[in-house]
Amino acid sequence: MLSDLTAKIPLTSTLAHIPYYFARPVRLVQGYDRSNLRPDLMAGLTIAVILLPQSIAFALVAELPPEMGIYAAIIGAIVGGLWGSSDQVHTGPTNATSILVLSALLSSTNNPTEFIIAAGLLGIMSGIFQLVMGLARLGMLVNFVSHSVIVGFAAGGGILIMFKQLRHVFGIEIAGRSIPDIIIGVISQVPDYHIPTTLIGIGAIIFIIIQRHINRRFPGPLVAMIIASALVFIFKLDQYGVGVIGELPQGLPPMMNINDILNLELISRLSTGALAVGAIGLVSTMAMTRTLATETGQRLDSNQEFVGQGLANILSGLFTGYPVAGSLSRSVINLQAGAKTPMSSVFSSLFLLIAIFTISPLAAYLPRAALAGVLIATATSLVDVPEMKRIIRGTPGDATIMLVTFFGTLFLSIEFAVLAGIMFSFAFYILRTSAPTVNAVVPDENFRHFIHDPRQDQCPQLGILDIQGDLYFGAVNHIEEAILAHQRIHPEQRYILLRMHNVNQCDFSGIHMLENVVRVYRDKGGDVFFVRTHPKIMDVMEATKFTRLVGTDHFFTEDKAIYHFFHHILDPAICIYECPVRVFRECQNLPKFINTGLTTRLNPLDNDLQIDEIDPLTLWRKLHEPSPPLVIDVRQPREYHQSHITEAQLYPLPDLLRRRPSFPSNTTIVIVCRSGRRSRRAAQILLETGEQNIAVLTGGMLAWQSAGLLEAVEWQAMLRNTEYFAENF
């Protein structure tokens with residue numbers, strides 16, 4: 001499927017867009033409205049107040065030095081803002097990304113020194129993956145990842161964060177990292193809890209929860225950390241065993257060593273984790289950009305956002321940070337604070353940069369327990385219980401994807417859980433698209449639309465099927481089976497009309513399937529027609545010579561096809577004598593002899609009965625012989641008066657049923673109708689009454705007209721009339 005998508009993107013077009021994506025900051029600066037400066041500055045300041053404690057806390061979630069979180073926040077917000085697509089999305093460290101980074105690092109290295117190098121390298125690798133996706137214009141691929149992956153991963157990640165921070169809240173050491181190990185450790189070490197540490201951690205949690213209920217825009221986490229730091233400073237709690245962060249470095253982010261970047265052995269170990277980090281970062285960021293765009297009305301460019309996220313991760317990794325992504329909480333606050341452009345993100349980084357030069361010494365008194373409490377309080381927002389309930393009550397596929405990702409995040413390798421959720425999304429997409437709905441439809445009561453209503457009767461001659469999906473190799477078997485199953489259920493429907501307006505793609509497998517359907521129907525004396533076929537599908541059909549097989553007259557551009565069927569293809573005899581329903585608008589004024597007693601005298605048509613046939617040219621010659629046959633036209637009077645064989649006598653089939661006439665003996669009788677069905681019916685009736693020398697015109701008046709004889713006979717009749725008038729007047 002990926003090859004099909006990339007094949008449709010011309011290489012020259014892709015390369016032409018690369019300078020456009022990289023020139024995003026130029027367009028942003030050139031088009032900047034100075035009236036947006038004040039709201040962007042205020043929004044940037046608001047975000048910086050939140051970003052400082054979050055960047056430190058999220059780095060500790062990934063078990064990285066706090067300064068790595070600050071560096072990632074500064075670089076991510078600047079680069080993500082300048083090269084991204086959304087005006088309000090704020091890029092930087094996030095809870096979900098941090099827990100995913102930790103899992104990827106733990107599965108790749110045990111060396112503490114290599115741990116930090118691997119974190120930066122993970123950002124570079126995931127950023128390259130995202131950048132390539134954006135430059136290749138594959139932004140649409142994010143649409144194939146279910147929202148359930150994000151919900152399941154966020155919920156599982158939130159619970160993991162809460163459990164992993166418990167050791168810092170209680171000031172204890174726990175050997176294992178799994179949830180069962182943490183639960184056992186927390187319960188078994190109750191006597192060992194460090195009381196001052198526990199009070200600070202639990203106090204921070206309670207403070208933030210109360211603050212949320214009072215004013216959600218109030219920077220509760222920052223205030224909680226300031227209060228906790230003040231308590232440590234005043235009461236010298238660091239000297240009594242309360243763990244603190246320590247003084248943060250003052251200065252610009254340093255750049256990674258080139259030898260560390262080119263560590264191929266470490267790169268190979270990080271490859272799976274980088275793919276998971278890059279994929280979940282893109283999916284979560286695009287989800288929030290779409291959410292914000294629904295409120296702002298902004299037009300988004302997913303490929304530009306991919307480029308922005310990729311560059312942000314690459315530069316964050318190069319400058320001693322770690323992977324970043326769009327933060328939902330900061331982005332929403334950014335929007336609520338009045339941010340008008342991405343410059344608000346740039347300003348938030350500048351304010352944060354000023355902060356680390358001025359207040360970083362105060363971090364020496366910031367207790368680790370307070371940060372753990374902040375993380376636990378914020379992690380609760382990741383477990384979206386109402387959304388999870390909605391998904392479970394929804395489709396089984398979405399529920400399965402969410403539960404697989406959720407439990408995989410809790411009990412398996414997190415990057416494996418994320419990739420499993422993404423693969424399940426693709427699998428369910430393939431399953432859904434490979435089994436599109438094929439519905440038999442009939443007109444509604446107002447004859448304006450076609451609807452699927454199994455309770456309504458169908459036309460006994462014409463079946464109309466609505467194909468609601470693409471004709472590609474993964475779906476053609478399902479569609480063909482559905483069409484042929486309909487044919488087996490309704491064998492009397494000789495003709496089938498395929499509604500193609502929901503078919504947007506068709507490959508050669510689809511063409512081959514349609515050829516087989518046409519062959520099946522034609523082998524049974526019927527045919528296949530198409531209505532509302534998209535131009536690009538017609539191009540494929542013409543290129544593969546399918547239109548030559550079926551004929552260009554089998555394609556209709558509008559839903560007026562029924563009018564053509566009614567007047568040129570369907571057999572009126574069936575409509576009048578055998579069909580008890582009025583499915584189409586054209587059927588409403590037809591005479592029906594179903595309930596007049598005539599059907600009691602109308603035996604089932606015996607298709608095995610040997611009835612002589614005569615082709616149009618042979619009949620035409622015999623009509624010009626000395627002893628011509630007697631031609632009986634059994635159509636309705638209106639059909640007869642529209643056109644008929646000059647020598648034919650009108651004897652409608654209902655009259656033939658009411659009173660069985662006697663014809664001259666030793667005279668060949670040729671019975672004519674529109675297509676031949678009523679002729680065989682009339683011939684069967686006459687043979688049952690003992691008549692001999694009965695034949696039917698092969699193909700009826702349709703064949704007579706196709707042979708060009710209708711015009712010739714009418715021309716001769718006109719000549720005879722002209723001679724008559726010349727002789728007598």
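Residue numbers start at 1 and run along the sequence shown.
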Asks: So which pairs with a foot in residues 473-485 pass side chain to side chain donor-acceptor pair (under 3.5 Å), sequence neighbours left out?
Replies: E480-N516
Asks: Measuring only between side-chain heavy atoms, which start at C-beta, is H486 closer than 4.5 Å to I496?
Replies: yes
Asks: For atom CD of E492, decide whether the heavy atoms of other residues, nucleotides or ligands shown that lie under 6.0 angstrom number more than 12.
Replies: yes
Asks: Search all heavy atoms of Q468 against all heavy atoms of P436 and return the closest pair with its distance.
Replies: O-CB, 3.4 Å
Asks: Return the CZ to CD1 distance between F424 and I422, rounded to the nearest 0.5 Å.
Replies: 13.0 Å
Asks: I'd like to know whether CZ of R522 has more than 12 heavy-atom contacts from other residues, nucleotides or ligands below 6.0 angstrom.
Replies: yes
Asks: Would the distance check show the side chain of R27 and the main-chain N or O of Y20 forming a donor-acceptor pair, the cut-off being under 3.5 Å?
Replies: yes
Asks: Do the side chain of H452 and the main chain of V441 share a donor and acceptor less than 3.5 angstrom apart?
Replies: no
Asks: Do D527 and H554 pass the side chain to side chain donor-acceptor pair (under 3.5 Å) test, and can you show the C-alpha distance, the side-chain angles, and the key distance before you say yes or no?
Replies: CA-CA 9 Å; D527 213 339; H554 283 50; 2.7 Å; yes
Asks: Measure the shortest side-chain to side-chain distance between D466 and F450 over non-hydrogen atoms and say whether it is less than 4.5 angstrom.
Replies: no
Asks: Take I671 and I694 through the test side chain to side chain contact (heavy atoms under 4.5 Å, CB included) and record every step on the way to the result.
Replies: CA-CA 8 Å; I671 304 177; I694 302 294; 3.9 Å; yes
Asks: Give the ring-plane orientation class for H567 versus Y563, where under 30° counts as parallel, over 60° as perpendicular and anything between as tilted.
Replies: tilted
Asks: More than 12 foreign heavy atoms under 6.0 Å from CG of D523: is that the case here?
Replies: yes
Asks: Without swapping roles, check the side chain of K524 against the backbone of R494 for a donor-acceptor pair under 3.5 Å.
Replies: no
Asks: Once you round to the nearest 0.5 Å, how far does CD1 of I562 lie from CG of L497?
Replies: 5.5 Å
Asks: Using side-chain heavy atoms (C-beta onward) and a distance below 4.5 Å, is I632 in contact with L686?
Replies: no
Asks: Is it the case that more than 12 heavy atoms not belonging to E445 sit under 6.0 Å from its CD atom?
Replies: no
Asks: Checking R532 side chain against R499 main chain: does a donor-acceptor pair fall under 3.5 Å?
Replies: no
Asks: Is there a side chain to side chain contact (heavy atoms under 4.5 Å, CB included) between D398 and V151? Walk through the geometry before answering.
Replies: CA-CA 10 Å; D398 287 329; V151 175; over 6 Å; no
Asks: Answer yes or no: is there a side-chain heavy-atom contact under 4.5 Å between P637 and P652?
Replies: yes
Asks: Are there more than 12 heavy atoms of other residues, nucleotides or ligands under 6.0 Å from atom CZ of R299?
Replies: no
Asks: How close do V670 and L697 get, counting heavy atoms only, and between which atoms?
Replies: CG1-N, 4.1 Å
Asks: As an exercise, state the distance from CG of L617 to CH2 of W704, rounded to the nearest 0.5 Å.
Replies: 8.5 Å
Asks: Identify the heavy atoms of M133 and N303 that sit nearest to each other, and give their distance.
Replies: O-OD1, 4.5 Å
Asks: Please determine if R137 forms a cation-pi arrangement with F306, meaning its NZ or CZ atom is less than 6.0 Å from the six-membered ring centre and no more than 45° off the ring axis.
Replies: no
Asks: Drop me the distance from L687's CG to R680's CZ, to the nearest 0.5 angstrom.
Replies: 10.0 Å
Asks: Would the distance check show the side chain of E305 and the main-chain N or O of D301 forming a donor-acceptor pair, the cut-off being under 3.5 Å?
Replies: no
Asks: If every non-hydrogen atom of R635 is compared with every non-hydrogen atom of L650, which pair is closest and at what distance?
Replies: O-CD1, 3.4 Å
Asks: What is the ring orientation for H644 with Y640, classed by angle as parallel under 30°, tilted 30 to 60°, or perpendicular over 60°?
Replies: parallel
Asks: Take R621 and T618, measure what side chain to side chain contact (heavy atoms under 4.5 Å, CB included) needs, and give me the verdict at the end.
Replies: CA-CA 5 Å; R621 286 194 296 266; T618 302; 3.5 Å; yes
Asks: For a 4.5 angstrom cut-off between non-hydrogen side-chain atoms, does V550 reach V528?
Replies: no
Asks: Could you tell me whether a side-chain N or O of D444 sits under 3.5 Å from a main-chain N or O of N446, the two making a donor and an acceptor?
Replies: yes
Asks: Kindly determine whether I464 and V442 satisfy side chain to side chain contact (heavy atoms under 4.5 Å, CB included), including the steps that lead there.
Replies: CA-CA 7 Å; I464 305 177; V442 292; over 6 Å; no
Asks: Return the minimal non-hydrogen interatomic distance between V634 and C673, and the atom names on each side.
Replies: CG2-CB, 3.9 Å
Asks: With a cut-off of 6.0 Å (strictly less than), are more than 12 heavy atoms of other residues, nucleotides or ligands near NE2 of H512?
Replies: no
Asks: When you compare the side chain of N504 with that of H534, does any pair of heavy atoms fall below 4.5 Å?
Replies: yes
Asks: How far apart are the closest heavy atoms of N693 and T667, and which atoms are they?
Replies: CB-O, 3.9 Å
Asks: How long is the gap from CD1 on I645 to CG on L623, to the nearest 0.5 Å?
Replies: 7.0 Å
Asks: So F565 and F529, ring-ring contact (aromatic ring centres under 6.0 Å, His included) or not? Walk me through it.
Replies: CA-CA 10 Å; F565 269 91; F529 299 84; 4.7 Å; yes
Asks: Would you confirm whether H501, through its side chain, and T533, through its main-chain N or O, come within 3.5 Å as a donor-acceptor pair?
Replies: no
Asks: Any side-chain heavy atom of S85 within less than 4.5 Å of one from T289?
Replies: no
Asks: State whether the number of non-hydrogen atoms from other residues, nucleotides or ligands found under 6.0 Å of F530 atom CZ is greater than 12.
Replies: yes
Asks: Which distance, rounded to the nearest 0.5 Å, do you find between the OH of Y495 and the CD1 of I569?
Replies: 7.0 Å
Asks: If we only count heavy atoms from C-beta on, is the I467 to I479 side-chain gap below 4.5 Å?
Replies: yes
Asks: Hey, does the side chain of S425 reach the backbone of S146 with a donor-acceptor pair shorter than 3.5 angstrom?
Replies: yes
